Amino acid sequence: METMAIIDFETTGLSPQSGERATEIAAVVVQDGRIVRQYQSLMNAGIRIPAFITQLTGITNHMVQQAPSAAKVMGEVAEFVGDLPLVAHNASFDRKFWDAELARIGRTRPQEFACTMLAARRVYPTAPNHKLETLARFMALPDTGKAHRAMADATMTAHLLCHMETTLMQRFRIAHLSHPLLRALQRAKKSDVQACLNPFTPPHPLSIPIRRCHQRNP
DNA sequence: TGCCAGGCCCTCTTTAGGGCCTT
């Protein structure tokens with residue numbers, strides 16, 4: 001697998017445009033199908049955490065008050081991931097917080113995001129739904145700890161990514177999972193991908209535009 | 001005044017609407 005950085009934010013809400021801020025971030029670097037580096041930190045953005053968020057995540061006002069500033073943490077995690085391609089579950093959410101928090105420290109994102117949720121809708125169309133927790137149960141992925149904490153969810157997303165690579169290697173004859181392939185997959189037509197994944201047909205070369213770069217020789 | 005996310009996908013679509021997913 002191409003080396004990628006998987007990130008997960010915990011936040012005070014759903015939109016930085018509405019003044020919501022990050023409270024915790026985790027990043028794990030996956031290389032050759034295993035996690036080789038990890039970063040995790042709570043962060044203090046100077047904003048109160050709504051009670052329902054504390055109930056959801058377990059992150060309290062006291063915890064973030066003891067944490068380093070959001071600026072310090074975002075600087076560290078940006079250095080940690082460098083220019084590695086980024087991955088998140090429902091990446092549109094993490095991308096907008098990543099961009100908003102980086103903008104506050106005068107930085108911009110040099111790389112693209114790929115989304116495991118969109119890709120999972122293609123690769124696992126029979127899953128009950130495509131929430132991270134549901135997919136983890138559906139595929140019996142290893143337990144990573146309390147859901148809705150950044151490191152647990154980032155690690156779970158990494159496991160999901162590795163499971164997806166195995167599925168794609170078996171069904172599509174890909175040599176390895178790359179970030180461009182993941183992005184192409186999430187944009188591919190549902191019907192095209194499902195035809196390739198039909199259990200009653202033999203493994204089928206992946207018929208999405210990026211295939212020449214990533215297929216293994218037959 | 002009243003409301004308050006938004007990107008993406010699917011479909012009974014594209015001059016739109018509703019559901020999913022993230023905190």
Side-chain angles (χ1 to χ4, degrees), chain A residues 5-28 40-61 63-64 67 70 73-74 77 86-104 109 111-139 141 144-161 164 179 182-195 197 208-209:
Chain A
I6 294 104
I7 70 157
D8 186 82
F9 274 109
E10 303 306 318
T11 71
T12 60
L14 294 173
S15 173
Q17 261 69 39
S18 302
E20 318 289 7
R21 297 293 304 273
T23 58
E24 186 179 45
I25 189 165
V28 300
Q40 176 188 24
S41 183
L42 290 162
M43 65 180 90
N44 184 359
I47 185 171
R48 287 198 65 78
I49 300 174
F52 79 95
I53 292 289
T54 295
Q55 193 169 21
L56 177 71
T57 65
I59 297 171
T60 65
N61 282 300
M63 289 165 68
V64 296
V73 171
M74 287 307 300
V77 72
L86 293 173
V87 178
H89 197 71
N90 195 15
S92 67
F93 172 84
D94 292 279
R95 184 181 59 215
K96 64 188 179 184
F97 275 97
W98 181 266
D99 289 348
E101 294 292 348
L102 282 189
R104 287 177 176 273
R109 167 170 55 90
Q111 68 276 76
E112 297 288 348
F113 269 89
C115 179
T116 51
M117 183 194 74
L118 295 178
R121 284 179 178 169
R122 296 288 182 269
V123 179
Y124 307 110
T126 60
N129 60 54
H130 296 87
K131 295 177 183 177
L132 184 58
E133 281 184 274
T134 304
L135 290 168
R137 279 198 304 274
F138 186 67
M139 286 170 286
L141 300 179
T144 60
K146 185 188 181 309
H148 297 297
R149 286 301 299 267
M151 182 52 77
D153 287 357
T155 304
M156 188 63 75
T157 303
H159 289 320
L160 171 60
L161 192 63
M164 200 177 297
H179 198 262
L182 197 58
R183 284 171 55 81
L185 184 63
Q186 70 191 45
R187 293 192 305 264
K189 283 185 179 176
K190 190 178 182 180
S191 55
D192 289 348
V193 178
Q194 285 180 338
L197 286 170
I208 56 179

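None of the values given here were measured: they were computed from a predicted structure. Numbered from 1 within each chain, the chains take letters A, B, ... in sequence-line order. Atom set for the values below is all heavy atoms of this structure, side chains included, hydrogens, waters and symmetry mates excluded.
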- Item | Spacing of A:Phe93 atom CZ and A:Asp8 atom CG [to the nearest 0.5 Å] | 8.0 Å
- Message: Looking at A:Glu20, is its backbone amide N or carbonyl O close enough to the side chain of A:Ser18 to form a donor-acceptor pair, meaning the two atoms are under 3.5 Å apart?
- Response: no
- Taking C-beta and beyond as the side chain, do A:Glu112 and A:Arg183 meet within less than 4.5 Å on heavy atoms? yes
- Item | Separation of atom CG in A:Asp8 from atom P in B:dC21, rounded to whole Å | 16 Å
- Write down the distance separating the C1' atoms in B:dG19 and B:dT13, rounded off to the nearest Å. 15 Å
I'd like a table of atom pairs between the protein and nucleotides 4-11 of chain B - only N or O on both sides, under 3.5 Å - with the distance next to each one.
residue	atom	partner	partner atom	Å
B:dA5	N3	A:Lys96	NZ	3.3
B:dC9	OP1	A:Gln186	O	3.1
B:dC10	OP1	A:Arg122	NH1	2.9
B:dC10	OP1	A:Arg122	NH2	3.4

- Message: What contact category does A:Phe9 fall into here, base, sugar-phosphate, or nothing, at under 4.0 angstrom with non-hydrogen atoms?
- Response: sugar-phosphate
- Mind checking the P distance from B:dT1 to B:dA16? Whole angstroms is fine. 30 Å
- Is the distance from OP1 or OP2 of B:dT23 to the nearest side-chain N or O of A:His148 less than 4.0 Å? yes
- Kindly write out the residues that satisfy salt bridge (Lys or Arg N to Asp or Glu O under 4.0 Å) with A:Glu10, not counting sequence neighbours, or none if the list is empty. none
- Item | Whole-Å C1' distance, B:dT14 and B:dC9 | 14 Å
- Item | side-chain contact (heavy atoms from CB on, under 4.5 Å) partner of A:His89, the single match among A:Ile7, A:Asp94, A:Leu135 | A:Leu135
- Message: Between B:dC12 and B:dG17, how many Å separate the two C1' atoms, rounded to a whole number?
- Response: 11 Å
- Note on the structure: Separation of B:dC21 atom C1' from A:Phe113 atom CZ, nearest Å, is 15 Å
- Protein-nucleotide distance (A:Trp98, atom CH2; B:dT23, atom C1'), rounded to Å: 17 Å
- Query: Where the side chain of A:Tyr124 meets the backbone of A:Met164, is there a donor-acceptor pair that is under 3.5 Å apart?
  - Reply: yes
- Find the distance between CG (A:Leu160) and CG (A:Asp153) and round it off to the nearest 0.5 Å. 11.5 Å
- Does OP1 or OP2 of B:dC21 have a side-chain N or O of A:His130 closer than 4.0 Å? yes
- Task: Rounded to the nearest angstrom, tell me the gap between atom CD in A:Glu24 and atom C1' in B:dT23.
- Result: 12 Å
- Message: Give me the distance, rounded to whole Å, that separates B:dT22 from B:dC3 when you measure between the P atoms they each carry.
- Response: 28 Å
- Message: For the P atoms, the ones on B:dG18 and on B:dC4, what distance do you get once it is rounded to whole angstrom?
- Response: 14 Å
- Message: What's A:Asn129 touching, base or sugar-phosphate or nothing? Going by heavy atoms closer than 4.0 Å.
- Response: sugar-phosphate
- P-based separation of B:dC10 from B:dG2 [nearest Å]: 38 Å
